[in-house]
Amino acid sequence: MSELRAPNLLAWVDVVVTAPAHSGLGETLTYRCEQALTPGTLVRVPMGRRETLGLVWAVRDHPPEGLQPAQTRPVTAVLDALPPLNARWRELVAFAARYYQRALGEVALAALPPALRDLTPEQLGRRLKKTQPETPTAVSASALAPLSPDQAQALADLQGESRPVLLYGTTGSGKTEVYLRAAQRLLEEDPEAQVLVMVPEINLTPQLEARLRERFAAHALVTLHSGLTPAQRLKHWIAAHLGQARIVLGTRMAIFASLPRLRLIVVDEEHDPSYKSQEGARYSARDLAVYRARLESAHAPCQVLLGSATPSLESWHAAEQGRYRRLAMPSRIGGGALPRLRLVDMNQQPRHTVIAPALLQAMADRAARGEQSLVLLNRRGYAPVLACHDCGWKSDCPHCSAHAVFHKIDRTLRCHHCGHTTRVPRACPECGNLDITPLGRGTEQIEEQLTGLLADARRPDGQPVRVARLDADTTRAKGSLESQLAGMHSGEVDVLVGTQMVAKGHDFRRITLVASLNTDSGLFASDYRAPERLFALLMQAAGRAGRDAAFVAEQGSQVELWVQTWYPQHPLFAALARHDYPAFAAQQLEERASAQMPPYGHQALVRAEARTQPAAQAWLRLAAEAGAGLPGHERLTLYPAVPMAIQRVANVERAQMLIESPSRPALQAFLAAWQPALQALRAHPETHGLIRWAIDVDPLTI
DNA sequence: AGCACGCCGACT
DNA sequence: GTCGGCGTGCTC
């Protein structure tokens with residue numbers, strides 16, 4: 001028998017593919033290849049009876065222990081028309097997978113454009129040929145508006161700063177212009193540098209995109225968000241990866257874009273919870289931005305700029321400690337004043353008041369002068385629930401432990417958690433009573449009531465006052481958000497009712513009044529971050545008003561934020577009245593410190609979903625037992641398993657368990673050691689009925 | 001995680 | 001008769 005010898009050029013590569021850590025396989029699979037491949041190369045490899053996209057992670061000259069060379073399958077194709085993903089990118093992905101307790105393959109492949117998955121080298125080649133390399137363009141040095149003293153100072157201070165920068169600028173202080181100038185300065189200095197700009201919501205990309213395109217040559221900019229078609233996303237990703245795109249504007253997913261010459265990351269509205277992913281790997285794009293800038297800086301300087309009028313307490317704390325550099329911009333452009341707070345004490349109002357008469361009058365007065373009002377109510381639909389007064393029936397969702405919301409517009413009951421929709425019954429399904437009534441109020445109802453209550457009010461042109469509504473329901477169709485915003489800009493609409501969607505970023509020039517109707521829901525929520533979110537929301541909403549100082553001066557109007565509350569003495573309002581975020585933050589941080597909560601303590605949440613609540617909780621109890629004695633265990637607290645606030649969604653029972661530690665490394669060490677034990681629990685008989693489980697590191701809501 | 005295979009309900 | 005629901009099992 002002749003000696004079996006490998007051909008000279010035979011090599012092996014460890015390839016990352018989408019297989020979860022709990023599949024029993026390692027993080028990488030080893031394949032055979034005929035040519036030397038570098039780490040970061042994209043390949044196509046066989047997986048069972050199909051072929052899949054993989055990423056070369058490591059190169060080796062022998063298969064791993066326990067794997068016969070004959071067991072390895074060959075790499076099918078090499079996508080070498082694309083340069084390899086660089087080491088910093090790979091390190092970012094590896095860190096995210098490790099830190100957020102997910103499989104490397106899941107994070108790596110989710111970070112790549114989905115269209116890349118089913119692309120042969122030939123198809124890729126054709127696609128690359130079509131996108132001709134674009135010539136780097138000079139940044140237009142056209143006449144720019146002069147900077148405010150705050151802006152000029154911030155830009156000067158930004159220069160050469162190696163720490164993450166927290167740009168703490170009040171609403172209307174011109175943070176965006178600072179981002180633009182910082183990007184411009186960098187792009188002029190370094191003809192190959194790339195800038196990543198992130199916004200919390202896809203809704204906010206068009207207006208920033210317009211501003212960026214106006215300032216920078218059009219083809220140097222690409223967007224990256226979930227609203228793109230697969231082909232667009234692939235094209236934009238490739239432009240970034242090849243270094244052709246100089247500016248990438250995107251949502252949280254853009255933090256994983258391949259940017260070989262990344263020199264600046266801007267995180268706009270850094271406090272926004274949307275930066276924390278809520279499915280799959282639950283990463284914080286803001287935190288990863290800080291990490292990524294540090295990784296890049298080991299190679300070439302890369303700044304990270306976090307901007308907000310109400311920074312997250314985490315970032316604020318980091319700035320207080322000097323880990324971040326804080327740059328403050330306290331003044332509004334044009335010297336406009338921030339709105340005056342008008343607290344409406346609901347205890348002093350006539351019974352069953354929905355909108356205080358004085359507030360109504362203030363809106364009518366403004367409409368009469370050609371000014372606009374914004375009314376904030378964080379509930380879609382007409383009423384959160386329908387009820388029968390005779391038998392106590394409520395419009396509960398059959399699949400969730402939540403009410404189905406009454407939408408009057410199409411006579412439906414809709415569950416906002418699972419999407420289950422039914423027609424509104426004509427009579428109580430339990431007792432036949434014809435008198436079933438809506439309880440509570442949503443945006444539809446406020447729109448209806450305001451229309452009625454303002455029926456006699458007139459605009460300057462003598463026409464009746466126009467009320468419109470802006471929420472997820474009215475903006476579902478493509479382009480409807482744009483057309484609604486246009487209606488607001490043109491002055492067609494006098495009063496706009498909406499959910500928090502209306503509070504974000506939009507620059508309406510004629511708003512002089514903002515009102516919050518059901519403010520208290522955020523005051524006493526069980527979630528310890530609720531006050532922080534409420535303060536940010538109210539500040540942000542307030543920031544929509546009086547943005548055009550010249551308009552306000554001309555009108556001679558008072559710019560106001562009206563807040564309806566049953567608790568006008570709440571300290572949050574005292575800080576809000578003074579627009580005093582630092583005082584609010586100091587008070588919140590003091591509470592957090594004494595309770596050892598973030599940013600002083602660190603948390604992770606284990607969530608279990610099962611057929612029954614006992615099954616979900618049993619799994620969590622077993623998980624806790626499996627954690628006893630693991631590294632880091634002595635430095636952390638495992639709380640008992642509890643049902644989640646909404647216990648059942650789409651017929652799945654949910655429970656969770658909180659883990660706290662004063663030490664982030666201890667928590668991380670524990671979670672890493674715990675992971676295999678949790679996977680092994682699958683085999684446990686008591687685990688029957690478990691559907692899935694996941695760990696949420698640094699959870700935002702508990 | 002994907003994705004294929006495989007086995008039971010409402011329609012082109 | 002199929003299309004398609006998601007349960008189970010596999011992936012160097």
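Quick caveat: nothing in here was measured; it's all calculated off a predicted structure. In the text below, chain A, chain B and the rest are named by the order of the sequence lines, each starting its count at 1.
Using a 4.0 Å heavy-atom distance criterion, A:Arg117 is classed as a sugar-phosphate-only contact.
Rounded to whole angstrom, the span from the CG atom of A:Asn651 across to the P atom of C:dG7 amounts to 12 Å. Computed from coordinates, the A:Met47 CE to C:dT11 C1' distance equals 5 Å when rounded to whole Å. Going from atom CD of A:Glu609 over to atom C1' of C:dG7 covers 17 Å, rounded to whole Å. The distance between atom CD1 of A:Ile691 and atom P of C:dG7, rounded to the nearest whole Å, is 9 Å. For A:Glu279 and B:dA1, the CD to P distance is 12 Å, given to the nearest whole Å. At whole-Å resolution of the value, CZ in A:Arg692 and C1' in C:dC6 are 12 Å apart. Remark: P of B:dA1 and CD of A:Glu27 are 14 Å apart, rounded to the nearest angstrom. Whole-Å rounding puts the A:Gln101 CD to B:dA1 C1' distance at 17 Å.
The aromatic rings of A:Tyr283 and A:Tyr100 sit perpendicular to each other, their planes meeting at more than 60°, with 30° as the lower class boundary.
Salt bridge A:Asp696/A:Lys276: present, at least one basic N to carboxylate O contact under 4.0 Å. A salt bridge links A:Glu314 with A:Arg529; the closest basic N to acidic carboxylate O contact falls under 4.0 Å. For A:Arg414 and A:Asp473, the salt-bridge test passes: some basic side-chain N is under 4.0 Å from an acidic carboxylate O. Salt bridge annotation for A:Asp272-A:Arg252: absent, with no cationic side-chain nitrogen under 4.0 angstrom from a carboxylate oxygen.
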Under-3.5 Å N/O pairs linking protein and nucleotides 5-11 of chain B:
unit_1 : atom_1 : unit_2  : atom_2 : d
B:dC5  : OP1    : A:Arg49 : NH1    : 3.2

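With rounding to the nearest 0.5 Å, the separation of OG in A:Ser274 from CD in A:Glu269 is 10.5 Å. Distance check, rounded to the nearest 0.5 Å: CG of A:Leu413 to OG1 of A:Thr422 gives 4.5 Å.
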message: Working note: A:Thr72 + A:Arg32, criterion side-chain hydrogen bond (donor to acceptor under 3.5 Å, both in side chains); need CA distance, chi angles, decisive distance, verdict.
response: CA-CA 6 Å; A:Thr72 59; A:Arg32 195 156 19 103; 3.2 Å; yes
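Residues of residues 50-80 of chain A having a heavy atom closer than 4.0 Å to DNA chain B, listed by number: A:Arg50.
Judged purely by atom type and a 3.5 angstrom limit, A:Ser395 uses its side chain to pair as donor or acceptor with the backbone of A:Leu386.
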